[in-house]
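Written out below as structure tokens is the structure these notes cover.
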Number of protein chains: 4
Amino acid sequence: MSKNNLLDAMIAQTKLSKKQTDKQQKITETAIKLFAEKGFANTSTSEIAKAAGVAEGTIFRHYGTKDNLLLSVLLPFLKESLPTMAEDVFNELLTDQVANFEDFLRALAKNRIAFINENKEIFQIFVKEVLYSEELKNEIFPYISENIFQRIAKVVDHFKARGELVDLPTITIQRLLFTIIGGFLFSRFVLLPNQEETIDESEIDQIVQFIMDGIRKKSQSE
Amino acid sequence: MSKNNLLDAMIAQTKLSKKQTDKQQKITETAIKLFAEKGFANTSTSEIAKAAGVAEGTIFRHYGTKDNLLLSVLLPFLKESLPTMAEDVFNELLTDQVANFEDFLRALAKNRIAFINENKEIFQIFVKEVLYSEELKNEIFPYISENIFQRIAKVVDHFKARGELVDLPTITIQRLLFTIIGGFLFSRFVLLPNQEETIDESEIDQIVQFIMDGIRKKSQSE
Amino acid sequence: MSKNNLLDAMIAQTKLSKKQTDKQQKITETAIKLFAEKGFANTSTSEIAKAAGVAEGTIFRHYGTKDNLLLSVLLPFLKESLPTMAEDVFNELLTDQVANFEDFLRALAKNRIAFINENKEIFQIFVKEVLYSEELKNEIFPYISENIFQRIAKVVDHFKARGELVDLPTITIQRLLFTIIGGFLFSRFVLLPNQEETIDESEIDQIVQFIMDGIRKKSQSE
Amino acid sequence: MSKNNLLDAMIAQTKLSKKQTDKQQKITETAIKLFAEKGFANTSTSEIAKAAGVAEGTIFRHYGTKDNLLLSVLLPFLKESLPTMAEDVFNELLTDQVANFEDFLRALAKNRIAFINENKEIFQIFVKEVLYSEELKNEIFPYISENIFQRIAKVVDHFKARGELVDLPTITIQRLLFTIIGGFLFSRFVLLPNQEETIDESEIDQIVQFIMDGIRKKSQSE
DNA sequence: CATGAATGAGCGTTCATTCAT
DNA sequence: AATGAATGAACGCTCATTCAT
């Protein structure tokens, strides 16, 4: 609502610039590459302009400010990450076919890792900038909380009710999931992004397996 | 304060070797606070000077460059405190009393979390800067590898030999430990550091418990 | 203005090649004036900006560094104007009409003094800066040697062969010429440049006369 | 006289600091070396202090300002150059033994070149600084004029009266002498000071010979 | 006398942003 | 829509100078 609402602003922003010109396209691409490589603060607009083959003024004609350029880069990524994930992904994954939590978790992990793998650079930019921007943090996390956590909570509750999951509080299970998957993504894509190697399917299986060991309902046989 | 407090240690040490002046101390303290809060690049030397109540020139008289001020803050943390601590910690933890891997892991986690808790700000600076500086990264990782990973590898091997741990490759186990503990530290101290709340002992127990579920040797009874 | 005026030439040339803006011209003109007056090191960029009526940033947009501004002032003088001029001058002077060395010397002296007279300020800058910059020195002297000394050597040899000049080594004669003419230029344009008075023709005649007394072949009558 | 009088100030200054301490000695020596090497403006007081092995404060305790340090370096040189030259040197050279102007000129040249040779560095400093300081220029040149030029004028007049010198105006002869000898000193000691080689006696003879060719009374026999 | 920590004005330089064309 | 010259505030840094010890 208020102008302080970052996400609203972001959405309004992209709505304004519906039809991207060639130059805009070039600017966005170049900005993503350079922001990921050297960080937002260490990339000057003149550098972007030069690398994109446009005049510096052109950047400001389209994006107004450098901060706004950053948002224009992050926004589609976030839109795809958050609401889409919340709706499409869950709908897709939560059909009757998904027999158990492990299958769900594996499908979710694969889906999201594939997405981030395709948007490596923007993910890097996003994580790095979140560390420095209280504004981003304060706007994004409630949003995540609403859209993602609550849906996951439902799923967890569902499988807890089916007796598949250990009887820890749902919030605890969520935190564990978040820490482990988040830690994995952070170390692979942000902290040590040099390695060209793609994420191995077996690696994901391993992590899911590991997580399940921790949260699967222990058999009563003992 | 406890021996874990790095700043105390640094101050004590530099007092001995180079007689730090009052102003120097004020500068270091202020720099740590501001770097942690807003990041190195987003903190200007004039801001530090103003906040520390000194003239800007005084910073440069003592540290030469802003980069050097950062190093003066980080290097003691990395080059002096960590290795001796690593040794102390492992010596302390690896006595005969440590009956099993779970005890070791819990002791290690508590020890390190306590350490970082007392050096929150430097830890934040360190993580944030590593993301932007290949140089720092390249200086740090071999170092960590030598001092930490190899020691942990030994411990893991030891308990694997005793049949306590699952038969995964040691490197895999290490990665899981690193991801989970690192992810926890990152999310608690860097990503979402607002919360004043101290880390709960029970939370650590929970994580250790969780890890152990994943890497404990499964009983053959099945 | 005459073709001898270097600034006119520079301005004309840069206009052709890189379309100098009004502000750029103002900066160059002001820089030349101030560098000549107070020396390069004692002239601040903010002073130049203020005197030129531009923002300080404008200087750096066009010249990148203060050193570069100096070079932008000196290099055309050295790399473009001097050599072509050297060629023109020698071609012009060394026609058959030049009956003897004295005529040649007088013509050369007048030509060069006129040239420097129209480029007083750049000459001052050049001499002052050469005293402090080994780099400038090392770039300049080989250059002068090739373009000036070797040509003069030829002329001296030519007239020595015709029996007009004393039988001193050519290098000795050159040194005398250089010392006397150089000393004259230095004292008139650099050491004591206050005097607005233009160089008197009769003064040049006098010096040439004096030099010729020293290097003319003495009559064998004694 | 007035406080504006540089030479008075200089003299007053040295009178104050009669007995030099060891540290003062070291400071002066170091300053001479560094000023000559890198120029006055490019040498910082902290650099001098470090190289001299004293605290920076010590320089200011003794010399008050950096400018004053420069004067303390130049003053003894100038005192020796000007009044002494005017008195002692002329007295010594102008005895009856000096049969002709050529002998006088040769003796004067040798004497002064030897002096400058022994004070190469201070001479370099002096010439370079005169180029930038109107104050130095305005104070020194009248002084030179009074003490040196007038005495030389007398000598020239003396030998003109004896019919040894050409009938040019005395001022013209002086200028020629000044230009040639000055040009020689400048090029040897300031412009191209690299060469370690000492000034050759025969070289002086050559120059004196050359000058005499230009100003000797032409014999009427031809 | 000597020290060296502290100062603060001034430097060269960068850069996001504006605006006339 | 696109340009790029121009801006000026802010930056990291230097240095002659002061002063308490």
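Labels below follow one simple rule: chain letters A, B, ... track the order of the sequence lines, proteins then strands, and each chain is numbered from 1.
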Given DNA chain F, 5'-ward residue of the pair Lys23(C) and Thr43(D), judged by closest heavy atom: Lys23(C)

Closest-nucleotide ordering on DNA chain F, the 5'-leading residue of Gly53(A) and Phe40(B): Gly53(A)

Please tell me if [X] has a side-chain N or O lying less than 4.0 Å from either OP1 or OP2 of [N].
{"X": "His62(C)", "N": "dG4(F)", "answer": "no"}
{"X": "Thr21(B)", "N": "dA6(E)", "answer": "yes"}
{"X": "Ser46(A)", "N": "dA16(E)", "answer": "no"}
{"X": "Thr45(B)", "N": "dG12(F)", "answer": "yes"}
{"X": "Ser44(C)", "N": "dC11(E)", "answer": "yes"}

Polar contact flag, side-chain donor to acceptor under 3.5 angstrom, Thr45(D)-Tyr63(D): no

Plane angle bin for Phe40(A) and Phe35(A) - parallel if under 30°, tilted between 30 and 60°, otherwise perpendicular: perpendicular

In whole Å, I'd like the distance from the [atom1] atom of [X] to the [atom2] atom of [N].
{"X": "Arg61(D)", "N": "dT21(F)", "atom1": "CZ", "atom2": "P", "value": "16 Å"}
{"X": "Glu47(A)", "N": "dT17(E)", "atom1": "CD", "atom2": "C1'", "value": "17 Å"}
{"X": "Ile48(C)", "N": "dG10(E)", "atom1": "CD1", "atom2": "C1'", "value": "15 Å"}
{"X": "Glu56(A)", "N": "dT7(F)", "atom1": "CD", "atom2": "P", "value": "15 Å"}
{"X": "Lys26(B)", "N": "dA6(E)", "atom1": "NZ", "atom2": "P", "value": "13 Å"}
{"X": "Asp22(B)", "N": "dG4(E)", "atom1": "CG", "atom2": "C1'", "value": "15 Å"}
{"X": "Leu70(A)", "N": "dA16(E)", "atom1": "CG", "atom2": "P", "value": "12 Å"}
{"X": "Lys66(B)", "N": "dC11(F)", "atom1": "NZ", "atom2": "P", "value": "9 Å"}

Smallest separation among heavy atoms of Ile27(B) and Val54(B), with atom names: CG1-CG2, 3.9 Å

Along DNA chain E (nearest heavy atom to each residue), the more 5'-positioned of Ala41(A) and Val54(B): Val54(B)

Check against side chain to side chain contact (heavy atoms under 4.5 Å, CB included), Thr65(B) and Leu70(B): CA-CA 9 Å; Thr65(B) 66; Leu70(B) 175 63; over 6 Å; no

Ser133(D) (side chain) donor-acceptor with Glu129(D) (main chain) under 3.5 angstrom: no

Stems formed with participation of DNA chain F [Watson-Crick or G-U wobble, under 3.5 Å, three or more pairs]: E:2-21 with F:2-21

Touch class at under 4.0 angstrom, heavy-atom based, for Thr58(C) against every strand present: base

Steps toward side chain to side chain contact (heavy atoms under 4.5 Å, CB included) verdict (Glu56(A), Lys50(A)): CA-CA 8 Å; Glu56(A) 211 172 340; Lys50(A) 207 170 293 164; over 6 Å; no

Over 12 non-hydrogen atoms of neighbours within 6.0 angstrom of NZ in Lys33(C): no

